[in-house]
Amino acid sequence: MRRLLLAGPDFSLASVDPQSTPGFDGGKAEGKAALAAGADALSSLQEKLFAESRAGSEIAVLLVLQGMDTSGKGGIVRHVMGLVDPQGVQHHAFKAPTEEERTHDFLWRIRRQLPGAGLIGVFDRSHYEDVLIHRVRGLSPAADVEQRYGAIQRFEDEVAASGTRVLKVMLHIGKDEQKTRLAERLDRKDKHWKYNPGDVDERAYWDQYQEAYQVAVERTSTPDAPWYVVPANRKWYARLAVQHLLTATLEDMQLSWPRATFDVEAEKRRLAAS
């Protein structure tokens, strides 16, 4: 699955079917079962990562979630990250920058939210907003947007060099599926809080956003900070795919339980005698 989702040198977003399920032949029921079955492995790896930090390790993981509105970023946080110990997760949802943030370089607020040692950091949206929406809506001069691709690459290289694994996921949803999900938010009172009238306005720029994602992935997918494009029309598949990618990333780190700093047998004897 990881190989199939990786955005390689010849990546074309237009060729990715948002309804597809690369690397998985089952349906919704099988996908949900596979997600549940993978929970223990992910939880154990996350605990090892956290435990190593208590023994002095400074390694961490940064999961970047990007996608059009309704693509399922929140669902990933709930259904994938919700399966691990919350004390080992650092989540941040980036909104429009504040007045203070606007007085700094666009990466200033991103650096402040990088995960600490032993943590899995999750960015719900990220620094990529500054090359996506800014490119599409002209919020910054084109020359500034162009320079940001290089700044992002250098920034992510620094993050990776510091010991943090960078995993970037684009949740690729189709325009018709987004319309269906927005309609559901309008039809259900318990979903009204999630509806933003501005989402309809952004739909007018759908093609431009697809082009902006294509360029961003092309310019910033590197060996140390690769992009994975996950078809997201089927929520169950997107969750399973991200769980798989995160588990594989942690496995690559060859984590292990820290050795005891005390005499285990002696402590067993002391405890028995207490």
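Residue Y213 is grouped with residue V229 when hydrophobic side chains (ILVMFWY) are merged at heavy-atom distances under 4.5 angstrom, including chains of intermediate members.
Side-chain atoms of F155 and L114, non-hydrogen and from C-beta on, do get closer than 4.5 Å to each other. Between D124 and L65, the closest side-chain pair of non-hydrogen atoms is not below 4.5 Å. Residues V242 and L63 have side chains in contact (heavy-atom distance under 4.5 Å, counting atoms from C-beta outward). Counting heavy atoms from C-beta on, the side chains of Y228 and M1 never come closer than 4.5 Å. Side-chain contact check for V169 versus L245: some heavy-atom pair is nearer than 4.5 Å. Side-chain contact between V80 and L42: present, with at least one pair of heavy atoms (C-beta onward) separated by less than 4.5 Å.
Heavy atoms from other residues, nucleotides or ligands lying under 6.0 Å from CD of E101 number more than 12.
A donor-acceptor contact shorter than 3.5 Å is absent between the side chain of H92 and the backbone of V122. At least one donor-acceptor pair under 3.5 Å links the side chain of T103 to the backbone N or O of E100. Panel note: side chain Q243, backbone L35; a donor-acceptor pair is recorded below 3.5 Å. In this structure a side-chain-to-backbone donor-acceptor pair under 3.5 Å is missing from E156 to D224. Listed for the S43 side chain is no donor-acceptor partner under 3.5 Å among the backbone atoms of A39.
Cation-pi geometry between R111 and W108 is not met: the NZ or CZ atom fails to fall both under 6.0 Å from the ring centre and inside 45° of the normal. Cation-pi geometry between R125 and Y128 is not met: the NZ or CZ atom fails to fall both under 6.0 Å from the ring centre and inside 45° of the normal.
Applying the side chain to side chain donor-acceptor pair (under 3.5 Å) test to pairs two or more places apart or on separate chains, those with a residue in residues 14-37 are Q19-N233. For residues 172-186, the side chain to side chain donor-acceptor pair (under 3.5 Å) pairs, not counting sequence neighbours, are E177-R181, Q178-R203, E184-R188.
For the pair R148 and D105, the salt-bridge criterion is not met [side-chain N within less than 4.0 Å of a carboxylate O]. Salt bridge annotation for E202-R137: present, with a cationic side-chain nitrogen under 4.0 angstrom from a carboxylate oxygen. Comment: K95 does not engage E129 in a salt bridge, judged by the lack of any side-chain N to carboxylate O separation of less than 4.0 angstrom. Salt bridge absent: R102 and E99 never bring a charged side-chain N and a carboxylate O closer than 4.0 Å.
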Take E251 and K48 through the test salt bridge (Lys or Arg N to Asp or Glu O under 4.0 Å) and record every step on the way to the result. CA-CA 11 Å; E251 287 174 339; K48 283 182 181 179; over 6 Å; no
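Of all heavy-atom pairs spanning E52 and I59, the tightest one is OE1-CD1, 3.6 Å.
Here the straight-line distance linking atom OG1 of T164 with atom CD1 of I120 works out to 11.5 Å at 0.5 Å rounding. Here the straight-line distance linking atom CD of E218 with atom CZ of F11 works out to 8.5 Å at 0.5 Å rounding.
Checked by atom type, the side-chain pair Q214/Q210 shows no donor-acceptor distance below 3.5 Å. Judged by distance alone, the side chains of S162 and E58 never bring a donor and an acceptor atom under 3.5 Å apart.
Legend: residues meeting salt bridge (Lys or Arg N to Asp or Glu O under 4.0 Å) with R78, ordered by chain and number and at least two apart, are absent.
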